[in-house]
Number of protein chains: 2
Amino acid sequence: MKSREGGFLISKVKQVSSRIFDKKLKSYAVTDLNSAQGRIIFVLWKHDDRSISDLVTDTALSKATLSSMLVRLERAGHVKRTIDKNDKRKTIVSLTEKSKLLKRTYADVSNEMIDLFYQGLSEEQIDAFERTLQHILSNLIKFEEDEP
Amino acid sequence: MKSREGGFLISKVKQVSSRIFDKKLKSYAVTDLNSAQGRIIFVLWKHDDRSISDLVTDTALSKATLSSMLVRLERAGHVKRTIDKNDKRKTIVSLTEKSKLLKRTYADVSNEMIDLFYQGLSEEQIDAFERTLQHILSNLIKFEEDEP
DNA sequence: CAAATATAGTTCTATATCGAACTTTTGTCA
DNA sequence: TGACAAAAGTTCGATATAGAACTATATTTG
């Protein structure tokens, strides 16, 4: 059987790309948002006013992680948290104007990252890659849901 | 242009798979080694007695991260550190007997992870995926080396 | 309806991660 | 050779991350 090390490779890619992403953000004078926080803001740009449970699903982070990250994001003025009127257990996380202004710059950095990622690969290869990645993510999420 | 989010997907896959890996290790009664530490031990299994700089290359972690992780790994008895006779700046990291005994169990957990990862994919798809992953990693590493 | 259970978040504690600044040792070169 | 530069690690302070235990609210069920 062939030896596989997809998980190891993914860890390395994640490590290096986070470092580069953070450096690029700084080079664009984005000093009060890092790549980890950006992942959370990113999902809110796609769908604002989400509960923390929703963000757990969207980001694949634990609720403990999100809880503390949101404190920092709120302190930095990127999001605000309000309690859901209809269900007082829920917290609704919303973007502020400040974070909306960052969207364009963040998108530029993201695009630079994507260009770097996929340098030297064809559209077909990229399509196949992202499809496989999505498939792997589904496998993992299904597993995590089945044995909590 | 098509919207790409490979980096975002990879972050999520890394997040979920690390959580699952840690849970699997515990289920195998491996309580004094987690997945992050395992990544370091893993490269030492492939090539023992490496300097910390070598490990920076092999693991894609920063030297600051490795420095503190190795303290914990040494304290837990998984590795020992010795100063290179010929170059006193260098530290040589070596596996202990204890960590060698873990190799089989760790490999079992790794294989379970790989099976889960690639469930429902063909050998060809997996080959292509790992090749692309390797390509992306090369792109990133080259970039990081070029602008330090 | 009251008690039991489930859901949503927070807090606590520990590890992981990194950049920047630092020390020590080695290498270079005028 | 002596000063300067480069290389190898460590330390420090900050953020990221998660499991376990906890609080508060909502839902289910007898």
Side-chain angles (χ1 to χ4, degrees), chain A residues 11-12 14-27 31-41 50-57 59-76 78 81-93 144 147-148, chain B residues 11-12 14-27 31-41 50-57 59-76 78 81-93 144 147-148:
Chain A
S11 292
K12 291 207 275 186
K14 194 269 173 185
Q15 221 62 251
V16 184
S17 65
S18 294
R19 283 200 300 265
I20 295 176
F21 204 110
D22 281 329
K23 217 170 279 182
K24 281 185 183 291
L25 281 173
K26 281 189 187 170
S27 81
T31 55
D32 66 341
L33 189 77
N34 61 33
S35 61
Q37 296 167 343
R39 285 214 301 280
I40 299 171
I41 302 286
R50 304 279 276 163
S51 75
I52 296 181
S53 297
D54 291 336
L55 294 177
V56 165
T57 305
T59 62
L61 295 168
S62 74
K63 60 183 178 175
T65 298
L66 277 164
S67 192
S68 62
M69 304 254 333
L70 288 170
V71 168
R72 274 187 291 273
L73 281 171
E74 186 164 46
R75 201 157 50 202
H78 292 298
R81 289 186 292 180
T82 50
I83 291 174
D84 190 322
K85 293 277 186 289
N86 303 321
D87 187 341
K88 287 178 196 154
R89 292 172 304 181
K90 286 189 185 165
T91 298
I92 305 297
V93 182
E144 209 177 31
E147 16 199 308
Chain B
S11 292
K12 291 207 274 187
K14 194 270 174 185
Q15 221 63 249
V16 183
S17 66
S18 294
R19 284 200 299 263
I20 295 176
F21 204 111
D22 281 329
K23 216 169 280 180
K24 280 185 183 291
L25 281 173
K26 280 190 186 170
S27 80
T31 55
D32 66 340
L33 188 77
N34 61 32
S35 60
Q37 296 167 343
R39 284 214 302 281
I40 299 171
I41 302 285
R50 304 279 277 163
S51 74
I52 296 182
S53 295
D54 291 336
L55 294 177
V56 165
T57 304
T59 63
L61 296 168
S62 74
K63 60 183 178 175
T65 298
L66 277 163
S67 193
S68 61
M69 304 256 331
L70 289 170
V71 168
R72 274 187 291 271
L73 281 171
E74 188 165 45
R75 199 156 52 202
H78 292 298
R81 289 186 292 177
T82 51
I83 290 175
D84 190 322
K85 293 278 186 289
N86 303 321
D87 186 342
K88 287 178 196 154
R89 292 172 304 180
K90 285 189 186 165
T91 297
I92 305 297
V93 182
E144 208 177 31
E147 18 198 306

### Task
May I have the distance from A:Asp54 (atom CG) to C:dT7 (atom P), rounded to whole angstrom?
15 Å
#### Entry: d(CD1, A:Ile20; P, C:dG19) in whole Å
11 Å
### Any A:Val93 side-chain heavy atom under 4.5 Å of A:Ile52 side chain
yes
### Query
A:Ile52 has a side chain; which of C:dG9, D:dT17, C:dT26 sits nearest to it?
C:dG9
### Query
Would you say D:dT15 has OP1 or OP2 under 4.0 Å from some side-chain N or O of A:Gln37?
no
## Note on the structure
Out of C:dC18, D:dT11, D:dG19, minimum distance to the side chain of A:Arg19 belongs to C:dC18
### Query
Out of D:dT17, D:dG9, C:dC18, which has the shortest distance to the side chain of B:Leu61?
C:dC18
### Query
Under 4.5 Å between any side-chain heavy atoms of B:Arg39 and A:Gln15, yes or no?
yes
### Task
Answer yes or no: does a side-chain N or O of B:Ser53 lie under 4.0 Å from OP1 or OP2 of D:dG9?
yes
### Query
Which part of the nucleic acid does A:Ala64 contact within heavy-atom distance under 4.0 Å: base, sugar-phosphate only, or nothing?
base
### Distance below 4.0 Å between B:Asn34 side-chain N/O and C:dA16 OP1 or OP2
yes
### Task
Report which part of the nucleic acid B:Lys63 touches: base, sugar-phosphate, or nothing (heavy-atom distance under 4.0 Å, all strands).
base
### Query
Heavy-atom distance under 4.5 Å between the side chains of B:Leu70 and B:Thr91, does that happen here?
no
## Note on the structure
Heavy-atom nearest nucleotide on DNA chain D taken for A:Asp87 and for B:Ser51; more 5' hit belongs to B:Ser51
#### Entry: Whole angstrom value for the distance that separates P of D:dG9 from CD1 of B:Ile83
10 Å
### Query
Hey, is the side chain of B:Arg89 poking within less than 4.0 Å of OP1 or OP2 on C:dT26, counting only N and O atoms?
no
### Message
Please tell me if B:Arg81 has a side-chain N or O lying less than 4.0 Å from either OP1 or OP2 of D:dT10.
### Response
yes
### Query
Does A:Thr65 have a side-chain nitrogen or oxygen under 4.0 Å from the phosphate oxygens OP1 or OP2 of D:dT17?
no
### Message
For a quick test of reading the model: is some side-chain N or O of B:Arg72 closer than 4.0 Å to OP1 or OP2 of C:dT15?
### Response
no
### Atom-pair distance (CZ on B:Phe21; C1' on D:dG19), nearest Å
18 Å
### Task
Would you please confirm or rule out a distance under 4.0 Å between OP1 or OP2 of C:dT17 and any side-chain N or O of B:Arg39?
yes
### Query
Would one find a side-chain N or O of A:Gln15 under 4.0 angstrom from OP1 or OP2 of C:dC18?
yes
### Query
CE of A:Met69 versus C1' of C:dA16: gap in Å, rounded?
14 Å
### Query
What integer distance in Å separates B:Asn86:CG from C:dG27:P?
10 Å
### Query
B:Leu66 CG to C:dC18 C1': how many Å, rounded?
11 Å
### Message
Quick one, B:Arg19 and B:Asp22 - any side-chain contact, counting heavy atoms below 4.5 Å?
### Response
no
### Summary
Separation of D:dA16 atom P from A:Leu73 atom CG, nearest Å, is 8 Å
### Query
With no hydrogens and no angle check, is any side-chain donor or acceptor of B:Ser27 less than 3.5 Å from a backbone partner on B:Lys24?
yes
### Query
Do A:Arg72 and A:Arg75 touch side chain to side chain, with heavy atoms closer than 4.5 Å?
yes
### Residue whose closest nucleotide on DNA chain D lies nearer the 5' end, B:Thr91 versus B:Val16
B:Thr91
